[in-house]
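Notes for the one structure printed next.
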Amino acid sequence: MTRPGDQDLIERWRGEPAPLLPLLHAFHDRDGYLSDDALRAIAEGLRTPLADLYGTVTFYHHLSREPGGKERPRVCEGPVCRMRGCEAVKDGLEGATGMPCAGRCDEPVPVLVGDRYLVGGPGGALEERPTPLPAPNPGGREECCFAHIRETDRATLAGYRRTGGYTALARTLRELTPEELLDVVERSGLAGRGGAGFPTARKWRAVREAPSPGGPKTIVCNADEGEPGCFKDRVLMDHDPHAVIEGLALAAFATGATQGFLYLRYEYPHTLRILETALAEARAAGLIGRDVLDSGFDFELYIRRGAGAYICGEETSLLNSLEGKHPFPRNRPPFPVTHGYEDRPTAVNNVETLASVPPIVARGADWYAGLGLGAHKGTKLISLSGDVARPGNYEVPLGLPLRELLFDWAGGPGAGRTIQAVTMAGLSGGFLGAADLDVTLDEPCLRSKGSFLGAGGIMVFDDTRDMVAVARQAMEFFAHESCGKCFPCRIGTQRLAERLSGAAGPESLESWSSEVREIGGVMASLSACGLGVAAPLVTESLLERFPDAVARHVDGGAR
Ligand SMILES: Cc1cc2nc3c(=O)[nH]c(=O)nc-3n(C[C@H](O)[C@H](O)[C@H](O)COP(=O)(O)O)c2cc1C
Ligand code: SF4
């Protein structure tokens, strides 16, 4: 049975680009859950088969199908929150359930209640707090993305403009051709900051050169930030939202895109409000929309809220999610640069990548390239959390020694403790051990250790931590978040999690290790996307760097 107002909601969104997610949220927000009637009305309104819609809706973690579901507390169960007693927080809140990492590892343990975020550890009062600003440049190195973020009112248009905001866009539209802009970005050495490190100018040029019959090219800001241990995009969006919007407009100009989406993870409701305000300001000032700054350049930007699924950060899964399809990753080729949103050329870029572009244009390619150390170009935001005195976001020159970041900038581990392990790329880069702390923070060095920098999340574990338990939690996360499309990942993550929990039955150390290596090898070579390829790095690095812990686990749990 339809409710009064259902039709109005459907009419409000039906003609808009990417209407399914906002429509689902409109019903979810209004009713506090998605009823059968709501699903039927949406399926009918968007002419989607009800069975497909049901499958898609139930894939997302945060779309509740039970009355009152939206307001039920959800407690973060990410790796850092597990160290900080998330179970006790959950037990203390009536009706609370767990959720995968919520992207607030610097403020454990976060609790999502409806559209409010509360933070505070076990025993402490839960309260709503704004995202902390990065500490005042502790290393004294020149910054790019964080250079102005700590200034008062930076999140407002007036505050952003006070320190040169939107001058890069204005100058580009006045003085540069798209080709010249591409040249600046290319010479800066900027590469994707969302994980894969693909050269940004090369991606943009491919979109620019691709034909786009029958519709617009698209630029997408990937603000899904679902990787455990990563929370750098949130600080940019919360405190410098106009830098992201300006970066999107510059990307659109370079690629020839006339529409853009910012795809924001569900778990950042406060960020959604900040972005909506900033976008409205930018639109009112003629910086987004038709004929931007009277230049003849049109660029319309839409914000879309995800619904909770780590895989939606993978760019093709994100595109399916935007299009209202089941968010499985797509087979590639073809790649999004030629066949992206609605099968037309699309550039998907990370928040940090886009926010780096306005300062690069304003201050020059050589300036940005020169911020890196040695042969490395530019900077990287690092989210640091876990057993370290000063967790938070840091902007480091690429090539900075990890030890300098951990000890000099962030204060090292607690008194009397030593660092046993750190993760890289959030979780996806696996573990480095105490013997590896002299690595430098850049892809070539980290890859030589079998890891990678990726999106730049580093979680620190001191000598009191049980590394097999940490690895098990990591693998349980990947098993939970595997989309299930391909069997090496769907089954492999489960089998690895079982071996790490001891649930796989009695085994010798040799058979345990060879099985784990074999499963991981199959996953790495046959999985269809980065989740299944990266997950075995957790077990590989555990076996390589913590063989004694593995031996104790197999010995104690199995034989
Ligand atoms: C499982 C998985 C999750 C991902 N999550 C994110 C994410 O949350 N944010 C992001 O920017 N990129 C994420 N990526 C990488 C994207 O697929 C893509 O490479 C990136 O958005 C491109 O932007 P960039 O070139 O600016 O880095 C993920 C990849 C995989 C395989
Ligand atoms: S590797 Fe895993 S997450 Fe990626 S498509 Fe396959 S099942 Fe899905």
Side-chain angles (χ1 to χ4, degrees), residues 59 100-101 103 185 190-204 206-207 219-234 236-237 244 247-248 251 261-268 306 308-321 326-332 335-337 340 346-357 380-381 383 425-429 443 452-457 477-494 496 522-537:
F59 182 83
C101 185
V185 176
L190 181 66
R193 301 300 191 222
F198 192 83
T200 305
R202 209 190 304 164
K203 182 182 288 187
W204 289 3
V207 174
I219 170 95
V220 176
C221 175
N222 186 343
D224 199 54
E225 192 154 66
E227 180 76 31
C230 291
F231 43 91
K232 55 151 184 119
D233 294 339
R234 173 167 54 87
L236 284 175
M237 293 185 284
V244 185
L248 271 156
F261 295 101
L262 188 150
Y263 186 97
L264 179 70
R265 74 178 303 195
Y266 180 89
E267 292 85 346
Y268 290 172
Y310 168 65
I311 196 58
C312 286
E314 195 282 333
E315 58 184 4
T316 60
S317 169
L318 186 159
L319 292 170
N320 278 341
S321 175
H326 193 87
F328 279 146
R330 298 176 181 174
N331 294 337
R332 282 154 297 171
F335 292 92
V337 288
T346 301
V348 182
N349 280 116
N350 174 252
V351 171
E352 180 188 347
T353 313
L354 292 164
S356 303
V357 176
K380 177 81 194 80
L381 300 186
S383 303
L427 267 187
S428 295
E443 291 297 1
F452 63 105
L453 186 57
F477 169 82
F478 288 123
H480 187 256
E481 296 301 314
S482 167
C483 78
K485 177 178 160 171
C486 61
F487 76 85
C489 167
R490 183 178 68 232
I491 300 170
T493 49
Q494 292 289 355
L496 290 178
V522 171
M523 289 170 65
S525 48
L526 295 178
S527 291
C529 88
L531 190 156
V533 173
L537 279 183

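For ligands, and for the atoms within them, numbers begin at 1 and follow the listed sequence.
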Does a side-chain heavy-atom distance below 4.5 Å link [X] with [Y]?
X: N350; Y: K232; answer: yes
X: S428; Y: L537; answer: no
X: C221; Y: V351; answer: yes
X: W204; Y: V357; answer: yes
X: C483; Y: P327; answer: no
X: L427; Y: E227; answer: yes
X: D233; Y: R265; answer: no

Where is the nearest protein heavy atom to [atom]: which residue, which atom, and how far?
atom: atom 7 (C) of ligand 1; answer: N222 OD1, 3.7 Å
atom: atom 6 (C) of ligand 1; answer: G313 O, 3.3 Å
atom: atom 3 (C) of ligand 1; answer: E314 N, 3.6 Å

Contacts of [X] that satisfy side-chain hydrogen bond (donor to acceptor under 3.5 Å, both in side chains) - sequence neighbours left out:
X: R234; result: D106, T131
X: K380; result: E352
X: S321; result: Y60, Y263

Mode of [X] contact toward ligand 1 - side chain, backbone, both, neither (heavy atoms, under 4.0 Å):
X: E352; answer: neither
X: N349; answer: both
X: E225; answer: backbone

Under a 4.0 Å heavy-atom cut-off, what residues line ligand 2?
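If the criterion is a heavy atom under 4.0 Å, then ligand 2 touches I311, P329, S482, C483, G484, K485, C486, C489, S527, A528, C529, L531, G532.
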Does E227 come within less than 4.0 Å of ligand 1, judged by its heavy atoms?
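E227 does not count as a contact of ligand 1 under the 4.0 Å cut-off.
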In this structure, does ligand 1 have an atom that sits under 4.0 Å from one of the heavy atoms of E481?
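In this structure, E481 fails to qualify as a contact of ligand 1 - no heavy atom is under 4.0 Å.
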Given I311, T353, V533, which one has a non-hydrogen atom that is nearest to atom 26 (O) of ligand 1?
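Answer by nearest heavy atom: T353.
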For atom 24 (P) of ligand 1, which of G192, P329, G195 has the closest heavy atom?
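The nearest heavy atom belongs to G192.
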Atoms of ligand 1, numbered as shown, that sit under 4.0 Å from any heavy atom of G226:
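Those qualifying, in numeric order: 8 (O).
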I need the atoms of ligand 1 closer than 4.0 Å to a non-hydrogen atom of Y310, numbered in the order shown.
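So the answer, numbered in order with elements, is 1 (C).
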Pair R332-E314, salt bridge (charged side-chain N to carboxylate O under 4.0 Å, His left out): steps then yes or no
CA-CA 12 Å; R332 282 154 297 171; E314 195 282 333; 3.1 Å; yes
